Amino acid sequence: MAILLGIVAGFLARWVMLRSDYRHYPTYPHGQLTHLALGFIAAGLGAVAIPAIAKPDYVAVTFLVLAAQQFRDVRNMERESLNHLEETKIIRRGSDYIEGIARVFEARNYLVIMTALFTSAAAYWLGWEYAVVVATISIAFSLLLMAGSYIGNIAEVVAGEVHFEGSLLKVNDVVIMNVGLPQTREKIMYEGMGVLIKPKDDDARLTLDTPGQRMAIIHDVVSILGSKVDINETELIPIARKNTDKGYLALFIVANETDLDYLIEIIRKVPVLESARGTTLKSYFGRKAAD
Amino acid sequence: MDTSISNYILAIVTTDEKKVLPGGCPVILATDQEEQEKTSLLLARILGGIVHDLENGLYFICRH
């Protein structure tokens, strides 16, 4: 009974965490199935742990630890498959983003194990009513842990003005690139969109500095609004450059859907990558230098 | 794996031959601005690069 409840709770947790809109990987049915199956196994592992220890069956516990090792491979699996897909992309995710996704997938499985563990423990010692409560709390807690922060939390996103200074394309005062052909300039003036991403503090500035974080922003924007870049026509490539003095980013894109409001909304919802997160304000000298 | 040269001037298109010296890069002379633009556009598409303007009558193609 305890095991069954644990498995159900763990599996439910995995299901709830398996969000897949157009930004979140996986978007493929087979990918989802793989992760649900793994989630099921993880839930099974977590669920049998407490009853096995309580019995006591120490051999079973040893096997559990062995099986838990398998979940370390989840990260490798995700990383490898995303890296392979990267080669055929025009706008790449960047290895920071891939690493972030892979890590999240690994962590989700551990959360599933925890959920199953707590639920089965509650069911084993307290009864099924408590197990339901514990399961609900665990799932909510998992979702909270997995939420992470977004660009909108660390930076202000405002519309920028795309213009030319001679042949230099600029968004407000940030130089984006040199554009040679007059017809391309005309197209950019007509369809190009510019956005400024202003960091709220020094941590945020370091985060936005990372090329990996910028690639992630561009990737998310392009995967929703589309872009007019083609394999051999890279003139309209979306670019994020920073103002070296003030530290804010200027993003330029020629999208299929020229809707500035949604562009800003999308950028706000881009996850802050773990590997890119700046932590200067957590260090002594960082705080000293900041003021 | 395909190999290509990037961040390198692949070709220069100019209307003014006095602005360029021989230096290992193909230089294409155009008779007027219109031809210059068209030639550089074609070159950019063929080479997979983009056209940059040096603002002194020189266009060049570069792949990034």
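Keep in mind the model is a prediction, meaning the values are calculated, not measured. We use all heavy atoms of the structure for the numbers below, so side chains are in, but hydrogens, waters and symmetry mates are not. Letters A, B, ... are given to chains in the order of the sequence lines, protein chains preceding strands, and every chain is numbered from 1.
With contacts defined as side-chain heavy-atom distances shorter than 4.5 Å, the pair B:H64/A:M177 does not qualify.
The shortest non-hydrogen separation linking A:G180 to B:Y59 is O-OH, 3.7 Å.
In this structure, B:D53 pairs ionically with A:R185, as a charged nitrogen and a carboxylate oxygen lie closer than 4.0 Å.
Distance OG1/A:T184 to CD1/B:I50: 8.5 Å, rounded to 0.5 Å. Distance check, rounded to the nearest 0.5 Å: CG of B:L41 to CD of A:E235 gives 7.0 Å.
In B:I5, the CD1 atom is not crowded: 12 or fewer heavy atoms of neighbouring residues, nucleotides or ligands sit closer than 6.0 Å. More than 12 heavy atoms of other residues, nucleotides or ligands sit less than 6.0 Å from atom NZ of A:K200. Summarising the local packing, CD of A:E156 is surrounded by 12 or fewer heavy atoms from other residues, nucleotides or ligands at distances under 6.0 Å.
At least one donor-acceptor pair under 3.5 Å links the side chain of B:E55 to the backbone N or O of A:S167. Between the side chain of B:H52 and the backbone N or O of A:N178, at least one donor-acceptor pair lies under 3.5 Å.
Counting heavy-atom pairs closer than 4.5 Å to chain B, the top-ranked of the candidates A:I237, A:D230, A:T234 is A:T234.
Neither the backbone nor the side chain of B:I61 comes within less than 4.5 Å of any heavy atom of chain A. With a 4.5 Å cut-off on non-hydrogen atoms, A:E87 does not touch chain B at all.
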